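Before any comments, here is the structure.
Along the sequence shown, residues are numbered consecutively beginning with 1. Computed from a predicted structure; not experimentally measured.
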Amino acid sequence: MGAPFSTYRVQLTPDFTFADAAGVADYLARLGVGALYASPMLDAREGSTHGYDVVDPTRARPALGGDEGRIALQKSLAEHDLGLVVDIVPNHMVVPNPWWEDVLEKGQASKYARYFDIDWSSGKVLLPVLGEDAEDDVHEHYLKVDWRRGNSELNYRRFFDITELAAVRVEDPEVFEATHREVLSWGVTGLRVDHPDGLADPGGYFRRLREHFDGWLVVEKILGPDEQLPQSWPVDGTTGYDALREVCGVFIAPTDRFAAKTGSAAFHEVEHASRQQVADSILVAEVRRIARLVQGVEFEDACQAVAEVMVNFPVYRSYLPEGSHHWEAAVRKARSPAVRALDEQVRADPRGELATRIQQTSGMVVAKGTEDTAFYRYTNFVALNEVGGSPDRFGMPVEEFHQRAQAREAQTPAAMTALSTHDTKRSEDVRARLAVLAEIPDEYLAFEAAMTEKHGISEPTLNRLAWQSLVGAFPITEERLGQYLEKASREAKVKTSWVDRNAEFDAEVAAWPAKVLNEPEVAAFAERVKAPGWSNALGQKLVQLTAPGVPDIYQGTELWDFSLVDPDNRRPVDYAVRAELLDRIENGWLPEVDDSGAAKLLVVQKALHVRKRGLHGYRPLRAEGPAAEHVLAFERSGVIAVATRLPVGLARKGWQDTVLPLPGSKWTDVLTGRPSSEDLSSLLGTYPVALLVRGDE
């Protein structure tokens with residue numbers, strides 16, 4: 001079973017069920033999609049809007065339509081020649097659940113005691129609870145403790161710091177079979193595996209999964225800028241954050257003006273401090289559990305060594321004995337006197353419990369410290385602050401993009417590529433608009449300074465984040481902006497947090513949207529960057545849909561989408577509007593590039609239908625002339641993608657005599673249906689992008 005040629009991600013909820021997904025199958029087929037890519041479909045906590053809190057892996061979620069609805073969905077998809085890709089969650093389950101309740105009732109005598117990653121050295125399960133009476137509720141097999149009081153009386157592994165999500169030991173064959181039997185019986189096209197870095201042995205897990213599943217297999221693995229998947233993993237690639245960084249980066253102009261003007265600390269300093277705070281607070285239970293495994297050193301010294309190594313990881317985690325250079329890099333930076341003993345013991349048994357636990361925990365420290373803390377503190381230019389992103393790498397040269405695209409085609413041609421996901425900090429179109437600011441840094445910074453003088457937030461890093469977010473997502477409702485800033489301020493953990501609230505600062509943040517949304521200067525600046533933002537958005541979408549990899553479209557983003565971080569990006573999608581616009585496009589309508597977003601729908605529909613033919617290889621094409629830097633172009637299997645980049649600079653000077661030499665004979669732009677020209681002022685006269693095929697197609 002091969003990879004689909006494209007996917008369309010939907011978020012299943014009690015308000016968008018299997019039946020609702022089946023209802024859009026015809027629209028997706030007309031759009032040109034290859035497979036529906038669904039959020040988790042197994043039974044989840046009541047009311048869950050995302051499905052990652054699985055409560056029962058042995059049945060399809062009743063709130064979505066149960067097994068009957070799931071079968072009907074697959075039948076509808078098959079009738080429209082669409083595959084089904086399902087998101088699965090092997091790392092954890094929500095508690096309580098029937099298996100967990102059996103463990104609490106029977107302790108180690110429960111058949112499910114081995115299913116969860118519990119340290120039984122105390123003889124009990126230690127459950128977290130807040131309050132002065134934390135230790136009043138005592139049971140034969142469990143004890144409730146106040147885990148926030150600076151220690152680790154918390155003895156089961158979690159998903160990050162979410163105490164309601166208990167880790168599952170899928171490395172045990174019996175547990176693997178129990179948690180995977182149902183979904184593997186569905187006969188789906190592909191699987192997307194959530195959070196592999198939390199597994200004890202990701203490589204072993206994927207090898208076992210491959211024994212039972214021969215379809216398309218992609219993993220939610222966040223790669224560093226120069227990191228590659230372990231070669232021993234029998235998977236098709238990642239879920240596309242590496243491609244996101246590259247595609248978005250090539251539309252950002254290199255500049256140092258944001259860092260120079262804001263005068264903030266270097267990113268690595270902010271990142272290190274953020275990771276250290278996470279290791280010392282919300283993940284201290286995990287650190288201390290690991291430290292107990294270090295032999296021959298004082299316990300507190302072992303805690304310091306474990307935390308330092310995880311804080312200093314150059315990537316999310318290592319996969320010893322593979323990737324030993326990442327482990328070595330982290331050890332070299334650590335200064336604790338116990339690091340040497342830790343290093344020796346890990347190297348002596350790279351598959352032992354100590355090595356395993358420190359590796360599967362380092363990803364949590366990095367993710368919570370970098371993505372969920374530093375990215376909300378280091379806010380010089382937030383278009384770069386994306387999952388898998390590098391806020392200190394400003395833009396990507398065209399030649400580097402070509403090199404990375406060629407490498408993807410050679411190494412992982414069936415990897416997923418993405419621009420927006422349910423986990424991105426902001427949508428692709430918000431980032432496209434923010435990319436414009438890199439072309440006009442002084443103009444933007446002057447706007448920000450003037451507006452800060454009138455309505456600044458007292459914490460400088462949140463203030464920068466707020467103004468950029470407002471410009472990027474404008475127009476936005478007071479409620480949406482308020483919810484976003486509440487989350488951003490608490491994730492940053494500077495003047496408030498989810499645990500330690502600052503009522504005065506929280507009130508200041510909550511009052512900010514009402515003060516600024518009706519300011520005419522805000523609307524005027526948003527209007528200033530709107531059109532070039534549209535150009536960037538169309539360019540990066542065309543590139544993603546035609547470059548190497550399997551492109552995914554996140555729900556609704558075939559039109560403009562100016563969503564911020566979840567849950568903002570899980571709002572309902574109006575498919576009726578999209579279907580009506582698609583009707584007009586199928587009848588030959590060439591929409592203007594305007595607020596409707598229909599021009600983006602045109603690009604998506606045409607590119608997906610071209611994609612169906614099968615695109616292979618990757619040949620860079622280079623423009624010639626005074627505006628050559630404003631073009632990104634490549635050819636694959638007789639199809640040429642052409643995108644405008646840095647549109648503000650282009651508008652200042654125009655195309656002049658810049659041309660794009662085209663290989664071979666006559667070409668036609670499928671977006672407009674017109675014969676193409678090598679003269680870029682003509683080729684890109686209607687849209688800032690072009691999609692060329694040979695002849696008169």
Side-chain angles (χ1 to χ4, degrees), residues 7-25 28 35-78 82-102 112 115-116 159 162 164-168 170 175-195 198 209 212-213 215 218 220 239 421-423 552 554-556 566-567 569-573 575:
T7 61
Y8 187 101
R9 169 76 178 208
V10 296
Q11 295 293 103
L12 298 168
T13 74
D15 295 322
F16 189 84
T17 65
F18 295 146
D20 295 309
V24 300
L28 297 181
L36 179 77
Y37 162 33
S39 59
M41 294 169 57
L42 293 169
D43 195 13
R45 175 163 38 191
E46 183 178 357
S48 174
T49 60
H50 52 76
Y52 290 96
D53 40 9
V54 174
V55 70
D56 184 353
T58 68
R59 62 177 184 170
R61 188 178 178 187
L64 301 180
D67 206 49
E68 182 178 349
R70 189 267 304 170
I71 293 171
L73 169 60
Q74 288 189 257
K75 180 180 179 182
S76 177
L77 294 175
L82 294 169
L84 175 62
V85 177
V86 177
D87 200 338
I88 61 172
V89 190
N91 179 71
H92 55 268
M93 292 174 60
V94 71
V95 293
N97 62 60
W99 294 352
W100 183 259
E101 292 291 345
D102 194 76
Y112 302 112
Y115 281 39
F116 300 99
F159 172 71
I162 303 175
E164 297 86 2
L165 296 179
V168 178
V170 291
V175 180
F176 177 94
E177 199 277 337
T179 55
H180 288 69
R181 181 192 315 117
E182 174 65 18
V183 75
L184 290 175
S185 72
W186 294 349
V188 298
T189 306
L191 295 175
R192 181 261 196 193
V193 179
D194 181 67
H195 188 50
L209 184 58
H212 298 82
F213 181 72
V218 291
E220 190 221 16
T239 52
T421 78
H422 60 285
D423 279 335
D552 175 58
Y554 184 71
Q555 59 175 29
D566 68 288
N569 59 16
R570 295 202 300 267
R571 288 172 294 145
V573 176
Y575 285 106

Shortest non-hydrogen contact from Val85 toward Ala35: CG2-CB, 4.1 Å
Assess, by modelled atom type and distance only, whether the side chains of Asp56 and Thr58 contain a donor and an acceptor separated by less than 3.5 Å. yes
Show the nearest heavy-atom pair for residues Ala21 and Leu36, with the distance to one decimal. CB-CD2, 4.2 Å
Smallest heavy-atom separation, Leu209 atom then Leu191 atom, equals CD1-CD1, 4.2 Å
Could you report the tightest heavy-atom contact between Val95 and Ala166, atom names first, then the distance? CG1-CB, 3.7 Å
Hydrogens and angles aside, do Ser39 and Asp87 bring a side-chain donor and acceptor to less than 3.5 Å of each other? no
Only counting residues at least two apart or in another chain, list the ones meeting ring pair (Phe, Tyr, Trp, His ring centres under 6.0 Å) with Phe176. His180, Tyr205, His212
Cation-aromatic face contact Arg9/Tyr37, 6.0 Å, 45 degrees: yes
Before giving the answer on side chain to side chain contact (heavy atoms under 4.5 Å, CB included), spell out for Phe116 and Asn97 the whole-Å C-alpha distance, their side-chain angles and the decisive distance to 0.1 Å. CA-CA 12 Å; Phe116 300 99; Asn97 62 60; 4.0 Å; yes
Taking the six-membered ring for Trp, are His422 and Tyr52 closer than 6.0 Å centroid to centroid? yes
Heavy atoms from other residues, nucleotides or ligands near CD of Glu101 exceed 12 (cutoff 6.0 Å): yes
For Leu42, check side chain to side chain contact (heavy atoms under 4.5 Å, CB included) against everything at least two apart and list the hits. Val54, Pro57, Glu182, Trp186
Please, which pairs that meet salt bridge (Lys or Arg N to Asp or Glu O under 4.0 Å) have at least one residue in residues 40-50, sequence neighbours excluded? Asp43-Arg59, Arg45-Asp53
Quick one: does Glu220's side chain have a donor or acceptor within less than 3.5 Å of a partner on Thr239's backbone? no
Residue pair Thr179 / Val89, side-chain heavy-atom distance below 4.5 Å: no
Rounded distance (nearest 0.5 Å) linking atom CD of Gln74 with atom CZ of Phe18: 9.0 Å
Just so I know, are the side chains of Glu177 and Val170 near enough to count as touching, which here means a heavy-atom distance under 4.5 Å? no
Evaluate the side chain to side chain contact (heavy atoms under 4.5 Å, CB included) criterion for residues Asn569 and Tyr554: first the C-alpha distance (whole Å), next the side-chain angles of each, then the deciding distance (0.1 Å), finally the verdict. CA-CA 9 Å; Asn569 59 16; Tyr554 184 71; 4.1 Å; yes
